[in-house]
There are 2 protein chains.
Amino acid sequence: MPRHGADLALLLLSGFRTLVDAATVELAARGYDDFRPTHEFAMRAIIAGADSASAVGRRLSVSKQAAAKTIAVLVDRGYVSSGPDPADARRNRLQVTTRGFDVLREGESIFEDLRARWEEKLGAAELARLEASLVTLVGDGAVDVGAAGWVAHDPI
Amino acid sequence: MPRHGADLALLLLSGFRTLVDAATVELAARGYDDFRPTHEFAMRAIIAGADSASAVGRRLSVSKQAAAKTIAVLVDRGYVSSGPDPADARRNRLQVTTRGFDVLREGESIFEDLRARWEEKLGAAELARLEASLVTLVGDGAVDVGAAGWVAHDPI
DNA sequence: GGACAGCGACAACCTGGTTGTCTATCATGA
DNA sequence: TCATGATAGACAACCAGGTTGTCGCTGTCC
């Protein structure tokens with residue numbers, strides 16, 4: 001067994017892919033096709049208070065241009081609305097639409113299902129242990145920042 | 001705690017990123033800058049017997065054009081050599097160069113070091129347990145195929 | 001010998017990023 | 001009050017890595 005260390009990295013990647021691919025496929029089956037993980041990150045940033053393209057970019061550690069592009073497709077697909085900010089004419093105020101909240105809620109429930117399926121495979125205690133180990137290794141905050149930009153590709 | 005299931009996915013991603021970013025940075029520090037995980041996958045495919053661009057594409061489940069592009073940069077940077085196949089004039093026979101094997105060996109040792117650091121943090125038994133759990137969840141073969149194409153971005 | 005398949009090259013395009021430049025707007029301090 | 005500086009967003013050019021499609025050459029097989 002050479003490459004033992006690298007295999008660990010691949011296992012982690014593979015786990016992530018398994019979940020995200022399944023979620024994207026399932027989301028498409030439920031009527032939200034062309035919804036990508038990137039979009040989720042952007043919407044969560046908006047909900048968390050980043051109500052302009054620049055702010056989303058900062059929150060996601062990404063250039064404002066990149067954020068603006070993502071937001072443009074989100075607006076185009078009706079997940080996010082954008083209008084002039086009455087208080088500051090430079091800004092375009094962003095808001096997640098009802099449809100936007102819908103897709104997020106669907107996504108959450110899909111991920112819950114996937115996790116439940118893993119619990120069946122592994123046992124609840126063991127899965128909790130795995131999560132705890134990961135938190136020890138990468139920290140709890142790792143869950144939030146900088147994940148966008150690493151999740152760019154199409155499933156299958 | 002909503003988003004529990006999604007957090008699991010993010011933990012896995014974060015673990016992968018932590019390892020791969022660190023490895024890429026360390027590799028650059030050792031003189032192999034602009035070497036990306038994608039390149040590693042392509043080189044391993046060549047070593048495994050895929051000695052033409054089309055074959056690499058098949059092995060990596062990627063179009064032959066995509067494989068040809070990657071191989072072009074690998075050849076350009078001296079990690080892979082390409083020459084006419086005396087037995088078949090259509091093909092360009094690929095070979096990993098000495099420098100190519102060097103960078104792979106460095107990469108392996110870096111990943112071993114990273115894994116050892118994680119063992120210190122978590123304990124050897126617990127890390128082995130984590131790996132075993134992941135193998136249970138995603139299967140052993142998951143380590144190999146289709147990982148290219150998910151590892152496209154720059155660290156930091 | 002002819003039909004078909006595979007290889008590599010080329011071109012056009014997509015997505016998700018990047019940097020750089022520009023204008024409009026706001027905020028601040030002399 | 002007004003000049004200066006910072007910020008928002010738009011636009012353009014570019015990059016990496018991927019896609020599809022077309023094409024010509026080469027090899028294989030009937």
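The sequence lines fix the lettering, A, B, ..., with proteins before strands; numbering per chain opens at 1.
- No engagement by B/A68 is indicated, since no non-hydrogen atom pair under 4.0 Å with the nucleic acid exists.
- Along DNA chain C, the nucleotide nearest to A/A66 and the one nearest to A/A89 differ in position, and the one closer to the 5' end is contacted by A/A66.
- One finds no salt bridge joining A/E126 and A/K121 here, because no Lys/Arg side-chain nitrogen approaches an Asp/Glu carboxylate oxygen to under 4.0 Å.
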What do the steps show when you test B/R77 against B/V73 for side chain to side chain contact (heavy atoms under 4.5 Å, CB included), and what is the final call?
CA-CA 6 Å; B/R77 293 179 192 170; B/V73 337; 4.2 Å; yes
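- Summarising the geometry, the separation between CZ on A/R77 and C1' on C/dT15 is reported as 10 Å, rounded to the nearest angstrom.
- Residue A/S82 has no polar side-chain atom (N or O) positioned under 4.0 Å from OP1 or OP2 of D/dG9.
- Atoms CG (B/N92) and C1' (D/dG27) sit 16 Å apart, rounded to a whole Å.
- The phosphate of C/dT15 (OP1 or OP2) has no side-chain N or O of A/T38 nearer than 4.0 angstrom.
- Checking the phosphate oxygens (OP1, OP2) of D/dT20, no side-chain nitrogen or oxygen of B/S63 falls inside 4.0 Å.
- Taking the side chain of B/K69 as heavy atoms from C-beta on, and the options C/dG17, C/dA12, D/dG9, the nearest nucleotide is C/dA12.
- Taking atom CG on A/D88 and atom C1' on D/dT7, their separation rounds to 8 Å, with Å as the unit.
- A salt bridge between A/D102 and A/R99 is absent, with no side-chain N of the basic residue lying under 4.0 Å from a carboxylate O of the acidic one.
- Of the candidates D/dA8, C/dG17, D/dT19, C/dG17 carries the atom nearest the A/V62 side chain, counting heavy atoms from C-beta on.
- In this structure, A/R58 atom CZ and D/dT7 atom C1' are separated by 8 Å, rounded to whole Å.
- Closest contact between the side chain of A/Q65 and the listed nucleotides D/dT7, C/dT21, C/dG16 involves C/dT21.
- Interface remark: the B/R90 side chain does form a donor-acceptor pair with the C/dG6 base, using a distance-only criterion of under 3.5 Å.
- Taking the six-membered ring where the residue is Trp, B/F35 and B/Y79 present perpendicular rings, their angle passing 60° and hence far from 30°.
- If you measure from atom CZ of B/F35 to atom P of D/dA16, you get 16 Å, rounded to the nearest angstrom.
- The phosphate of D/dG18 (OP1 or OP2) has a side-chain N or O of B/T70 nearer than 4.0 angstrom.
- Between B/S54 and C/dG6 there is no side-chain N or O to OP1 or OP2 distance below 4.0 Å.
- Regarding contacts with the backbone of D/dC15, every side-chain N or O of B/R36 stays at 4.0 angstrom or more from both OP1 and OP2.
- Checking A/R58, A/R90, A/R91 one by one against A/S52, the side chain to side chain donor-acceptor pair (under 3.5 Å) holds for a single residue, A/R91.
- For B/L74 and D/dG17, the CG to P distance is 10 Å, given to the nearest whole Å.
- Nucleotide C/dA24 holds its C1' atom 12 Å from the NZ atom of A/K64, rounded to whole Å.
- Whole-Å rounding puts the B/R93 CZ to C/dG8 C1' distance at 16 Å.
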